[in-house]
2 protein chains.
Amino acid sequence: MATMHDVARRARVSVSTVSYVLTGTRPISEATRTRVLEAMAELGYQPNAMARGLASRRSRIVGLLMPMDERGLGATETAFVTGAAAAASAAGYHLVLSPVGAADPDVVRRLATQGMFDGVVLMEVQVDDGRVAALQEAGLPLVLIGRTGDTTGLSYVDIDFEQTVHEAVDHLVGLGHRRIVYVNHSASAIAAGYGPAVRTRDAFVAAMARHRLEPVMIASEDSAAGGRAALSAAVAQVPDLTAVLAMNESAIFGILGELAVRGRAVPGDVSVVSMVTSPQVAELVHPALTALTSPGAALGRIAMEALLRQLEGAAGQNHQQLLPCVLEIRGSTGPAAPPVGGAGGGAEPAGADPPDR
Amino acid sequence: MATMHDVARRARVSVSTVSYVLTGTRPISEATRTRVLEAMAELGYQPNAMARGLASRRSRIVGLLMPMDERGLGATETAFVTGAAAAASAAGYHLVLSPVGAADPDVVRRLATQGMFDGVVLMEVQVDDGRVAALQEAGLPLVLIGRTGDTTGLSYVDIDFEQTVHEAVDHLVGLGHRRIVYVNHSASAIAAGYGPAVRTRDAFVAAMARHRLEPVMIASEDSAAGGRAALSAAVAQVPDLTAVLAMNESAIFGILGELAVRGRAVPGDVSVVSMVTSPQVAELVHPALTALTSPGAALGRIAMEALLRQLEGAAGQNHQQLLPCVLEIRGSTGPAAPPVGGAGGGAEPAGADPPDR
DNA sequence: CTGAAAGCGCTAACAA
DNA sequence: TTGTTAGCGCTTTCAG
C-alpha cells in the first residue's frame, strides 16, 4: 500500500500538496497537479480511509439504522435499503447497515458517539421513538424514514398515508362500494404506535366519514394466515361487504386465498385494493392487484440525499417530505355488486370481465 | 467527546494503561482496572473508531459486496443480507453494504485498497467472477456466498443445488410423476454463468437420467409474466406434463396463474415444486407450495461467521460449505394423475381446489 | 504491573 | 502557488 509520502516523493512535492490535489481545498498549478496524479496512478495509490477519517473528522460513512426482527424485511423496506445504499454509494459514501431495535436507544447512543458515522438514516420510526432523542443528543445529522409524533426540528421522508388512504377509498366509493373493510397491521403494531398503522387507521376513519360511510377496521398479523383470519373476521362483522382495503403485503395473500375458499370472486363479488405495495407483488396474483404503489427505493434515495446535503452544505433547513403512493388500477377492483342480488355472482359470465390491461 | 487522555487523567494512569484495559492485551491489576472503568463510565467515554482503526490497522468493518440492479433483492438475497448483518453486529463488527456489479472489478479493487474493510463477503458470485481475483490480489480476507467455477483456495458458503434438485425430483418421481418440466432462471442468466441457474440445470439433467426420464428445461424471466410464458412453453413442449419444478420465486406465481387459467388444477392435474424458496413465500398461495426451503439468513450468518473467524484467528483453513434446502411438503404436490385419463378433472369436486381468479 | 513515546496516514493551520 | 509541521485519538513497542 503506497502512502501519501510515497506519492509526494515520486512527484517531488510535499505531502500537503498531494493532500490538496486530493481534496481540492486549495489551488494547485496544473503542472504539479498532473505530476501528482501521474505519481498516484503509477503507484496505484488509494488514500487510507481511516487516516482520512481521523484527520478530517469525517468518515464518509453513513449509518442506516433499522430494526431487524426474525421475520426479515418486506419488499418495501428492502427497497428503502437498496435506494439508500445506491444513493450513498453514488455520492462516494459508505453505508453501514446497523440492526438496532426501537427498544434499545442505548445501542444507538453508543454507535453515535463512536465517531464512525457522519450521519444516519433511521428507519421504521415509531411515533414515540427513543432512538431519535439519543441521536439528537449525540448531535448526529439525522434523517428519518417515517415520522415521530412531534417532528419539529427533524428531517424526515415518509409515505403520505393520509392521501394514500383517501385515494384508495375514493377509488372504491367511485365504483359504488359502500361496505368497505380496512385490514390493517396487527393490533400490537397499532398499540406500539407504528406510524403506518396508526396513520392509516385515522385516515381511513376520516375518509369514510367524508363519504358518510361507516369505517370498519380489522387488525391482522403480518402473514398469510393472519390475512385469512382477518378476512373471516371482516365477513363476520360485515357479511355483505363488497370491498377490502388492505395495507399488509403479507396478509393480502391470505385475504385473497380466503375469499377464494369462500367462493367470493374478485372483483365480481369483492373488490380488493392493496396499499403501499410494490408492482412486483401486485402482479404476483391473478387478477393482478389494484394497488397504491409505494415509492419504494425513491424513499430511501431521497432520505439519503437529504442527509448527504445536510452533511455537505452547512446544516440548515430540515427536509420534511411526504411521498404519495400512486394508484395503479389492475384487475382486483370493479363495480360494486348490486346492493341486493343473490349471494355470489355465480351466474355471471365470469370469464367476461377482462381484468388487467 | 471524551478522549483517552481524559480518562487517563481522571483515573490517574497513563493513556497506555487505559488502552490496555480496553484491548486486554496485557495484564492490569484489578485496582487500576476498576479505576479506569469508573473513569470511563463517568465520562461516558467511547473509543473513537477511526483512531482505533488507524492505529491498529483493523477497522472492525466488513463489507458485503452485492450487485444491486433495478429489480432490487429477492426474499432469498434479503435473507442473506440480514443474516450477515446480524452476525457482524453480534460480533461487534460494522457491516458496510456496497453495491458492486459483477461487471466492475475495478470498483472492487478500489474499495479493497482503501483500508476500510478488514474483510468482505461477496454475494451473487458468478461462475467466472472478476471481483474474486481483484479481492484476492488485494489480499483481503474473503468469503463467497455462491461459488466460482474453480474454488481452490477460496472460502465459500453456498446452497447445495445438486442435492436440492435431486430431492425435488425424487419427491415427484416418488409420487409417480414422469413428465416433469424444470423452469429455470432466464436464458441470459444461464449464459452469464449464474451459478444457481447453471448448477440446477446440470443437476436436473442428472437427476432425471437417474430415473431414466427425459429432462425438459424451460428458461424463464424473473417475473410473473415470465412464469406464465414459461408454463405455456412447457405445455407446448410436453402437453401431458404432470409436474413442474421451478426455481424462480418471481416466476412461480405466473406459473400458478397460468395453470389456473388453463384449468389445470394443482395438485390434481399438475404438481408444483418450488426450489430455494422461503416459507413465507410458499405460504402465500393456496394451496401452499411444496418447496425446498432455502437456508436464507443462515447462509448469510454462516458466511459472516466464517469471515470473522478468519479475521480473529490466524487465517488458516478455507471454509467450504454447502447447505441443503429442506423439503417441506405442502399442498401443491400430489400423486401423478393416471397416465391416460380425460383432459382436465371437470367432474371432480371443484370446491376442493383453489381457483383464485 | 505500569509509563513514555513513537508512530498509524492523513488534514489543515501556519508560514513562506 | 507550495512547504513545514502540529495534531486527529488510538495502539504498541521499548523501558522500567
Side-chain angles (χ1 to χ4, degrees), chain A residues 1-37 39-40 43-61 92 94 110 112-118 311-312, chain B residues 1-37 39-40 43-61 92 94 110 112-118 311-312:
Chain A
M1 293 304 99
T3 81
M4 216 166 202
H5 269 92
D6 303 329
V7 176
R9 184 144 20 92
R10 189 170 241 272
R12 321 197 127 273
V13 295
S14 71
V15 277
S16 61
T17 298
V18 177
S19 173
Y20 286 120
V21 336
L22 234 29
T23 62
T25 31
R26 95 177 174 189
I28 301 280
S29 75
E30 201 46 42
T32 59
R33 142 174 274 108
T34 46
R35 267 221 320 293
V36 170
L37 257 20
M40 287 180 176
L43 294 172
Y45 170 77
Q46 283 293 125
N48 179 292
M50 294 292 126
R52 256 194 165 186
L54 179 57
S56 66
R57 288 106 195 297
R58 311 194 66 245
S59 62
R60 295 194 76 82
I61 296 176
H94 293 276
R110 216 165 306 139
T113 49
Q114 277 188 153
M116 160 130 330
F117 299 142
D118 287 349
L311 297 183
E312 305 288 352
Chain B
M1 295 302 99
T3 79
M4 217 166 203
H5 269 93
D6 303 329
V7 176
R9 186 144 17 94
R10 190 171 239 273
R12 318 196 129 276
V13 295
S14 70
V15 276
S16 59
T17 298
V18 176
S19 174
Y20 285 120
V21 336
L22 232 32
T23 60
T25 30
R26 97 177 173 189
I28 302 278
S29 77
E30 201 47 43
T32 58
R33 142 174 274 108
T34 46
R35 271 223 315 295
V36 171
L37 257 20
M40 285 180 177
L43 293 171
Y45 170 76
Q46 283 293 125
N48 179 291
M50 294 292 125
R52 258 193 165 187
L54 180 56
S56 66
R57 290 107 197 296
R58 312 196 63 244
S59 63
R60 295 193 76 81
I61 295 175
H94 293 277
R110 217 166 303 140
T113 50
Q114 275 187 153
M116 159 129 331
F117 300 141
D118 287 349
L311 297 183
E312 304 289 352

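Below, chains carry the letters A, B, ... as their sequence lines are ordered, and counting in each starts from 1. In what follows, every heavy atom counts, from backbone to side chain, and hydrogens, waters and symmetry copies are set aside.
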| Any donor-acceptor N/O pair, A:Ser59 side chain to A:Met116 backbone, under 3.5 Å | yes
| request: Send over the distance from A:Met1 CE to C:dC8 P, rounded to a whole Å. | output: 16 Å
| query | Do A:Leu43 and A:Arg10 have side chains that get closer than 4.5 Å, going by heavy atoms? | reply | yes
| said: With each end axis built from five pairs of C1' atoms, what bend angle do you get for the helix from C:dC1-D:dG16 to C:dA16-D:dT1? Round to 10°. | reply: 40°
| task | Rounded off to whole Å, could you give me the CZ-to-P distance for the A:Arg12 and D:dT1 pair? | result | 22 Å
| said: For a 4.5 angstrom cut-off between non-hydrogen side-chain atoms, does A:Val7 reach A:Val36? | reply: yes
| Of the non-hydrogen atoms in B:Met40 and B:Leu22, which two are nearest, and what is the gap between them? | CE-CD1, 3.4 Å
| Are side-chain heavy atoms of B:Val21 and B:Val13 found at a separation under 4.5 Å? | no
| query | Can you list, by residue number, the residues of residues 27-36 of chain B that have a non-hydrogen atom closer than 4.0 angstrom to DNA chain D? | reply | none
| note | Between A:Ala11 and A:Ala39, the two heavy atoms sitting closest are CB-CB, 3.9 Å
| task | Give the rounded distance in Å between these two atoms: CZ of A:Arg60 and C1' of C:dG9. | result | 17 Å
| query | Rounded to the nearest Å, what distance is computed from the CZ atom of residue A:Arg57 to the P atom of nucleotide D:dG7? | reply | 12 Å
| remark: In short, A:Thr113 meets B:Gln46 closest at the heavy-atom pair OG1-CG, 3.1 Å
| Between atom CG in B:Asn48 and atom P in D:dT11, what is the gap in whole Å? | 10 Å
| Does B:Ser19 use its side chain to pair, donor to acceptor, with the backbone of B:Val15 at less than 3.5 Å? | no
| field | A:His94 vs B:Gln114 side-chain heavy atoms within contact, under 4.5 Å | value | yes
| Looking only at heavy atoms, which two atoms of A:Arg60 and A:Asp118 are closest? And how far apart? | N-OD2, 2.7 Å
| message | For nucleotides 11-16 of chain C, give me one character per nucleotide, 5' to 3': B if any protein heavy atom sits under 4.0 Å from the base, S if the only such contacts are to the sugar-phosphate, - if neither. | response | BBBB--
| query | Tell me: CZ of A:Arg9 to C1' of C:dG9, nearest whole Å? | reply | 14 Å
| Residue pair B:Leu54 / A:Met50: nearest heavy atoms and the distance that separates them | N-CB, 3.9 Å
| How many Å lie between CG on B:Leu54 and P on D:dG7, as a whole number? | 17 Å
